[in-house]
Amino acid sequence: MTRLLRIALAGLALALAAPAAHAQTGRDVPPPAQTQNPNGANPTAGAVTEDQLFRELNKLQGRISIPDGKAAVLEQPQGREWRAFRESWLPWIAGVAILGMAALLAIFYFTRGRIRLEHGEQSGEKILRFNSFERFTHWMVAFCFIVLAISGLNYILGKRLLMPLIGPDAFAAWSQWAKYAHNFLAWPFTLGILFMALVWLRDNIPNRIDVQWIRQGGGFLGDGHPHAERFNAGQKIVFWTVILGGFAMFGTGLLLLFPFSAADINGMQLSQVTHATIGVLLTAAILAHIYIGTLGMEGAYDAMGSGQVDLAWARTHHDLWVEKEQAKTASGPQLRPRATPAE
Amino acid sequence: MARMKFICDAERCIECNGCTTACKNEHEVPWGVNRRRLVTVNDGKPGERSVSMACMHCTDAPCAAVCPVNCFYTTGDAVVLHSKDLCIGCGYCFYACPFGAPQYPRVGNFGSRGKMDKCTYCSGGPEADLSVAEYEKYGSNRLAEGKLPLCAEMCSTKALLAGDGEVIAQIYKTRVITRGYGSGAWGWKTAYRETVAI
Ligand code: SF4
Ligand code: SF4
């Protein structure tokens, strides 16, 4: 009974599908009635069909006889979603984040202007703000980050912006070097992030002073300077952005650098999505950091340049820190408080 | 111009790996790189099927879309090819490809990938047809000699068909109708956004 029913159904399906088949190839299909399986039975009625598998699974996998585990995935339509992310979403996320940040900074610069040293912020006396190890770490991370950001953005925007200008051959050669730079500089970058976490974590634990600092707009808006310890709330935000973002980049980057060692195809896609998204957001955030450390605020650069800042400047911007430093020795401003700088 | 496609009739495929061997030999594909492979689904269970899979030469190919150096191009026969001179071995095409077709020789440190290698539909690359440079980078160019891909030509059961999409679809359709069953044109919906209507 069921067999008869099945044959009848199959016949019906064939009859229904025939016009569609004709439309597709433009050829005549032999009429189904005469082309039944000669013995009338279907020995592989239980066979899987691709359609059926896709209804149950999101990707097709099987057994493979070559020593390449990832080859066992027969079909993964998720590649399409990844493509949509990479080609339709990512360039926009990158463009909006980075150009948006640049625009914000430009607006800030032209309305608020450069934050000048106030009267009486130049006492002539210096205080050591960052010792040589701290500065070395900062500049190592900074250099790596800039190269990583440019070579990373090259994966997203290079073919859209740079390739039309320099042609495919030069662009491919540049991209090859950018890829090597990206792969190798990831390591000193991560090491630097680790050092930063070690030397600055202690001074970056959020506390009540930060709340007050934020409430007063950090001194950016309006006049007056809220109290701050070694790092104010804004700097703490930069610190945590860099530390958390940096480690996230390292984690996802590691998965991408050793493809398929710990993740399957969907894991690899997800790693790339996370790596690229955090990467462009981090780049936008660092733009703001670069702005405020150079163009945005007079005197700020010295801290990472020579490592020494004017005592009066430090009193204005990091009053609680200066107090603490000076309390350590009775002798006023100190040039060599902690670790011995290399000079 | 033909629109070249592959079809694997899984009811006929006996997983002899003749196609993969033919491919390896014809193009002198290096160790570790598999332009064509056999995947067996439902292995050991009723309804087990083996499918021979390589690059399907997709319509609107995902690999070409994601490549950061735009090194892909589509020939007049709708074959998706790429330039190894431009490829930087980033591996993105593998993430986008629904069929796991792109392959990378392992070179250098970390999981570093060399220039991508994949099925060329036996039609070489951007170099001059049948040149030594083309053979060394991409393997032989049978299409330029008027021949079809060797994997399909060699297939002992004629499970794997290569040729103009309409022609091979018609052959497959006739088979399915004659024998009364078929597990579908594997990969067609994903690659070409259409299937062989039976
Ligand atoms: S099968 Fe993969 S490699 Fe081939 S054209 Fe399609 S996406 Fe590209
Ligand atoms: S591995 Fe080569 S072909 Fe593939 S996306 Fe990267 S650059 Fe393009």
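Below, read A as the first sequence line, B as the second, and so on, with proteins coming before strands; counting in each chain starts at 1.
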Worksheet item: Can you check whether A:P77 reaches A:F54 side chain to side chain, under 4.5 Å on heavy atoms?
Response: yes
Practice prompt. Against chain B, label A:A71 side chain, backbone, both or neither, depending on which of its atoms sit under 4.5 Å from a heavy atom there.
Written response: both
Worksheet item: Do other residues, nucleotides or ligands put more than 12 heavy atoms under 6.0 Å from the CZ atom of A:F143?
Response: no
Worksheet item: Is there a side-chain contact between B:C71 and B:C87 (heavy atoms, below 4.5 Å)?
Response: yes
Worksheet item: Measuring heavy-atom distances to chain B, does A:Q176 have an atom under 4.5 Å in its side chain, in its backbone, in both, or in neither?
Response: both
Discussion item. In terms of relative ring orientation, are A:F189 and A:F145 parallel, tilted or perpendicular, with 30° and 60° separating the classes?
Written reply: tilted
Worksheet item: Relative to each other, are the rings of B:Y138 and B:H82 parallel, tilted or perpendicular (30° and 60° limits)?
Response: perpendicular
Practice prompt. Could you check A:R83 against B:D60 for side chain to side chain contact (heavy atoms under 4.5 Å, CB included), going step by step and ending with a plain yes or no?
Written response: CA-CA 12 Å; A:R83 169 196 176 168; B:D60 182 23; 2.9 Å; yes
Worksheet item: So what's closer than 4.5 Å to chain A heavy atoms on B:C67: side chain, backbone, both or neither?
Response: backbone
Response to the item:
Ranked by heavy-atom pairs below 4.5 Å to chain A, first place among B:V41, B:V39, B:V66 goes to B:V66
Worksheet item: Salt bridge check: are B:K5 and B:D77 linked by an N-O gap of less than 4.0 Å?
Response: no
Practice prompt. Please test B:Y121 against B:F6 for ring-ring contact (aromatic ring centres under 6.0 Å, His included), starting from the C-alpha separation and ending with a verdict.
Written response: CA-CA 9 Å; B:Y121 208 86; B:F6 282 120; 4.6 Å; yes
Discussion item. Quick check on B:A10 against chain A: is it the side chain, the backbone, both or neither that has a heavy atom closer than 4.5 Å?
Written reply: neither
Worksheet, complete the sentence: Comparing B:N34, B:D43, B:N17 against chain A, the one with the most heavy-atom pairs below 4.5 Å turns out to be B:D43
Item to complete: Please flag which part of A:Q272 lies under 4.5 Å from any non-hydrogen atom of chain B: side chain, backbone, both or neither.
Response: side chain
Response to the item:
Honestly, the part of A:L60 sitting under 4.5 Å from a heavy atom of chain B is side chain
Worksheet item: Contact part of A:L256 toward chain B, heavy-atom cut-off under 4.5 Å: side chain, backbone, both or neither?
Response: both
Worksheet, complete the sentence: Ranked by heavy-atom pairs below 4.5 Å to chain A, first place among B:G91, B:G100, B:P62 goes to B:P62
Worksheet item: What option among B:A96, B:A185, B:G165 has the most heavy-atom pairs under 4.5 Å with chain A?
Response: B:A96
Discussion item. Checking the side chain of A:E50 only, and the main-chain atoms of B:G187 only, is there a donor and an acceptor separated by less than 3.5 Å?
Written reply: yes
Worksheet item: Considering only heavy atoms, which portion of B:Y92 lies under 4.5 Å from any heavy atom of chain A: side chain, backbone, both, or neither?
Response: both
Discussion item. Heavy-atom cut-off 4.5 Å, strictly under: side chain, backbone, both or neither for B:L38 against chain A?
Written reply: backbone
Worksheet item: Are A:F85 and A:W89 close enough that their ring centers fall under 6.0 Å?
Response: no
Item to complete: Please state whether the side chain, the backbone, both or neither of A:I66 comes within less than 4.5 Å of a heavy atom of chain B.
Response: side chain
Worksheet item: Where does B:K189 contact chain A at under 4.5 Å (heavy atoms): side chain, backbone, both or neither?
Response: both
Worksheet entry | Engaged part of A:D169 at the chain B interface, taking heavy atoms whose separation is under 4.5 Å | both
